[in-house]
Amino acid sequence: MDFAFTSEQRMFAEQVLRFAKNEIVPRCAEHDLNSRFDREAFNRLGRFGLLGLHFPEELGGSGADVVTSTLAGYALGLAGVDGGLTLSYGAHTYLCADTIFAHGTDEQRRKYVPRLAAGEWVGCMGLTEPGAGSDVAGLSTRAVQQGDSWVLNGAKMFITNGPVADVALVYAKTDPQARHAGISAFIVEKGTPGFSAGQPLKKMGVRASPTSELFFEDCRIPLDNLVGGEGQGFNMAMRTVEWDRSTLLAPMVGSMEYVLGKCAAYAKQRSQFGRPIAQFQAIKHKLAEMKIFVEAAKNLVFRIAWCKDQGRPLNHLEAAVAKLFVGDWSLGPSNEALLLHGGYGYCHEYEVERAFRDCRLAPIGGGTSEIQKMIISRLL
Amino acid sequence: MDYDLSTEQAALREGVRRVLKDAPAPELAGLDAGQLKQALLAWAGRLAPGGFLQACRSGGLPLLLAQEALAAVSPALLLGLAAGPQLLGRLLARYGTPTQQERLLPALEQGRGLGAVALGETGTSPGPDSLQTTAAPQGEGYVLSGSKGSLLGGPLADWLAVAAESPTGLVWCLLPAGAPGLRPGPRTATLGLEGAAFGGLELNGCPVPAEMVIGPLPDRGSLAALQSWEDELLIAAGLGVLARSQQAAAAFAKEHRSGGKPIIAYQEVGFKLAETLTLQQTAQLLAYKAAWALESGDREAGALLACAKVFCCEAAQRVAGEALQVLGRAGFARGNPVEEAYRDAKYLTIAGVSMEISRQHIGEAVLAAY
């Protein structure tokens with residue numbers, strides 16, 4: 001057992017940190033407050049190589065391992081990038097682009113992956129539906145083969161990047177009688193007749209990440225847009241869990257470490273009763289709560305990443321433990337961070353307020369805490 | 001980065017597991033001091049050949065893994081066995097003279113004797129406050145006067161290291177059981193860990209020859225060091241309590257039926273066990289990382305140890321409580337692993353550096369880092 005990153009990984013994380021602090025962070029607050037997707041920041045992530053880090057060079061990536069990719073996400077959070085942009089980056093890269101990379105045909109890979117990796121196109125993944133959230137097998141969007149096309153009908157809900165996506169990876173039932181085995185995945189491009197996105201949903205947090213419904217009304221797409229074979233959709237969606245529990249959780253943990261730094265700095269400069277509040281035990285107690293969470297969560301997230309690098313099949317128990325811990329146990333420290341700032345913490349201009357709102361998604365998105373408990377209790 | 005244990009890292013634990021496989025878990029509660037000492041020495045004799053006691057001196061991840069395995073069977077057995085080599089042993093190894101080391105370490109590490117360290121006193125906190133116990137110069141040596149509060153392993157110890165204030169600084173005096181002027185108090189009745197004997201000491205003009213004195217030391221670093229060594233031990237005990245509670249609760253929930261199905265099938269129970277397992281796995285990794293950091297000289301090792309202490313020991317307390325809830329009335333009855341774990345866990349949050357002081361240390365480390 002060895003918890004150290006390689007010197008290359010550390011150096012790369014430093015580069016990402018520097019880049020994000022200089023090029024991304026100054027733009028975050030405004031986009032969060034206005035609930036606006038920052039396409040320019042997204043393009044910058046693409047130019048820096050973060051949207052396709054683990055893809056091979058010929059597809060626009062740099063062939064990074066999963067730990068390095070997770071570390072990059074961590075560094076974005078640590079730099080102070082808002083949870084909205086990191087969510088959009090994660091959903092685009094690991095839920096959409098990677099699924100096409102991992103399961104697509106050579107032609108699909110060549111057509112979509114380089115453009116997604118460069119940030120030229122924005123990707124989204126459509127799985128959840130108004131009537132099917134945690135119960136994936138219960139989804140009702142239908143895909144029916146008609147001649148040389150697939151015809152999609154149905155609706156998707158809470159789709160990250162939905163309003164801005166150029167490419168949607170959509171899961172639909174090709175065999176309504178079969179539950180999980182009847183799900184297949186399709187690529188649907190923006191502008192396809194019958195495909196539309198709803199208005200961006202107004203959300204509590206991750207506001208710079210646009211979320212919407214997707215609608216499919218007799219949406220006709222070529223047969224070639226089927227990804228990974230008929231009936232393979234559920235397995236493909238489950239494969240994204242590894243990414244979700246590593247690269248998508250990492251920015252949340254990194255963000256908590258960023259918040260910790262902000263809290264320490266504030267506690268040293270804010271004086272009450274004639275001395276900096278940092279000198280009060282109650283304030284150190286709050287800092288300790290945050291620090292313990294960060295250190296505990298880091299190990300869980302990087303364990304998933306490291307195991308994937310070893311080529312091991314996903315350990316569902318460990319993945320659920322990581323998600324449950326980050327989801328449920330981040331709420332307390334983020335609350336402490338806000339309280340440490342007192343009235344200022346309640347105001348938009350302080351990052352702790354944004355972090356408090358952003359981290360409320362952690363026990364909901366990508367599999368609720370209740371689903372994680374269900375998985376763990378079944379595996380016990 | 002490597003999340004797998006190497007063969008070398010796991011070797012000590014495997015040795016402990018082999019011993020545990022051959023010998024049934026001892027029932028330590030209810031034994032009198034003589035019987036308890038006999039039982040602990042018998043176990044020390046079993047574990048010494050595999051290097052367990054010797055490893056207590058150096059620490060690190062292999063030791064934590066081995067201690068976790070032992071504590072999963074009996075946290076009291078771990079504390080009773082390891083307090084000597086880990087606390088007194090390390091004190092001797094770091095601060096003792098070669099003569100003192102030669103005289104005491106072999107007995108402690110070969111399982112021929114038990115040791116304890118007497119630091120805490122009623123009414124003061126070691127570290128910020130001066131000790132009330134005094135070491136007055138007499139000839140080449142000192143005379144000890146004072147009293148020590150209830151200490152782990154005190155009533156059974158063959159050798160004790162007693163902390164005292166001399167006119168020129170802190171000293172540690174090494175005393176054999178039965179030394180003139182050393183009067184052990186009665187064994188303290190405790191909430192839990194009944195197999196690890198606790199008791200105080202009275203020191204009434206207890207002479208200590210110069211060759212059995214460590215110090216006077218130029219600073220009070222040995223006090224902090226001792227508390228962090230104790231924390232390492234308590235973290236291992238915490239992991240043991242976690243494993244014991246989780247295992248017993250999960251087994252019960254699969255076995256016990258209600259409404260025609262095992263109670264684990266109910267979300268109120270299954271989800272509770274999911275939360276406790278999450279705490280157990282998270283605590284394990286955090287403790288392993290802290291041990292690894294100490295071993296590799298990581299600059300954050302001190303803060304990580306404090307994080308692990310708080311998280312593991314509070315998790316042990318919480319998980320034991322939830323496990324007891326799962327067992328219901330069966331858990332409330334005396335003499336099952338979960339009610340033992342529930343009582344044992346409380347000590348872990350009190351001893352060593354308390355949860356409250358640990359959090360202060362973590363907060364100070366954060367403030368220093370940013």
Side-chain angles (χ1 to χ4, degrees), chain A residues 1-6 9 67 71 260-265 267-268 276 278-300 302-307 309-310 317-318 320-325 328-329 369-370 372-380, chain B residues 1-6 9-10 61 65 246 249-250 253-254 264-267 269-286 288-293 296 298 300 303-304 306-308 310-311 314-315 355-356 358-370:
Chain A
M1 196 166 251
D2 179 354
F3 292 88
F5 296 109
T6 63
Q9 286 168 336
V67 168
L71 196 53
L260 176 62
K262 285 281 165 195
C263 286
K268 283 194 260 193
Q279 290 179 12
F280 291 103
Q281 287 196 339
I283 299 299
K284 290 182 202 165
H285 183 108
K286 290 182 195 300
L287 296 173
E289 292 298 288
M290 290 176 236
K291 174 71 173 170
I292 292 167
F293 168 80
V294 167
E295 292 304 333
K298 248 194 258 186
N299 300 331
L300 297 169
F302 281 102
R303 175 167 69 174
I304 305 295
W306 181 81
C307 286
D309 272 334
Q310 307 314 302
L317 187 78
E318 291 176 356
V321 162
K323 178 67 170 61
L324 180 59
F325 185 78
D328 278 11
W329 271 267
S369 290
E370 287 69 26
Q372 307 317 312
K373 290 177 194 174
M374 195 183 285
I375 292 167
I376 296 168
S377 65
R378 283 177 182 166
L379 291 171
L380 275 171
Chain B
M1 181 166 275
D2 187 347
Y3 274 83
D4 283 342
L5 293 172
S6 68
Q9 286 171 328
L61 183 55
L65 294 164
Q246 180 68 24
K254 287 182 213 172
I264 196 170
Y266 292 96
Q267 291 187 339
V269 175
F271 282 20
K272 200 187 290 293
L273 291 171
E275 286 173 15
T276 54
L277 182 96
T278 297
L279 284 172
Q280 187 201 355
Q281 285 207 353
T282 308
Q284 257 182 330
L285 275 184
L286 186 53
Y288 294 171
K289 183 166 181 185
W292 168 86
S296 41
D298 190 280
E300 278 223 283
L304 280 169
C307 288
V310 171
F311 193 86
E314 287 189 348
M355 297 294 98
E356 292 74 16
S358 292
R359 281 195 169 88
Q360 294 304 300
H361 289 172
I362 297 166
E364 281 153 16
V366 168
L367 288 166
Y370 291 96

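All chains are named by letter (A, B, ...) in the order of the sequence lines, taking the proteins before the strands, and each is independently numbered beginning at 1.
The closest side-chain heavy-atom distance from B:Trp292 to A:Met1 is not below 4.5 Å. When side chains are defined from C-beta on, B:Leu277 counts as touching A:Leu317, because their heavy atoms get closer than 4.5 Å.
Looking at A:Glu370, both its backbone and its side chain come within 4.5 Å of chain B, counting heavy atoms on both sides. B:Leu367 touches chain A through backbone and side chain together, each having a heavy atom under 4.5 Å away. Only the side chain of B:Gln9 comes within less than 4.5 Å of a heavy atom of chain A; its backbone N, CA, C and O stay farther away. Using a 4.5 Å cut-off between heavy atoms, A:Met290 does not touch chain B at all. When heavy atoms are compared at a cutoff of 4.5 Å, B:Glu300 approaches chain A solely by way of its side chain, counted from C-beta outward. Contacts of B:Lys272 with chain A are absent, with no heavy-atom separation under 4.5 Å from either backbone or side chain.
The choice from B:Ile362, B:Leu273, B:Ile264, B:Asp4 that makes the most heavy-atom pairs within less than 4.5 Å of chain A is B:Asp4. When each of A:Ile376, A:Asn299, A:Ile292 is scored by its heavy-atom pairs under 4.5 Å with chain B, the top score falls to A:Asn299. Heavy-atom pairs under 4.5 Å with chain A were tallied for B:Glu275, B:Gln246, B:Glu356; the largest tally goes to B:Glu275. Of the listed residues (A:Glu295, A:Gln310, A:Lys286, A:His285), the greatest number of heavy-atom pairs within a distance under 4.5 Å of chain B belongs to A:His285.
Shown here are the side-chain hydrogen bond (donor to acceptor under 3.5 Å, both in side chains) partners of B:Lys289, two or more places apart in sequence or in another chain: there are none. Residues meeting the ring-ring contact (aromatic ring centres under 6.0 Å, His included) test with A:Phe5, sequence neighbours left out: A:Phe302.
Nearest heavy atom pair, residue A:Ser369 against residue A:Asp328, reads OG-OD1, 2.5 Å.
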Intermediate values then yes/no, side chain to side chain contact (heavy atoms under 4.5 Å, CB included), B:Gln267 and A:Met374: CA-CA 8 Å; B:Gln267 291 187 339; A:Met374 195 183 285; 3.7 Å; yes
Between A:Phe293 and A:Phe325, is a ring pair (Phe, Tyr, Trp, His ring centres under 6.0 Å) present by the stated rule, with each step listed? CA-CA 9 Å; A:Phe293 168 80; A:Phe325 185 78; 5.6 Å; yes
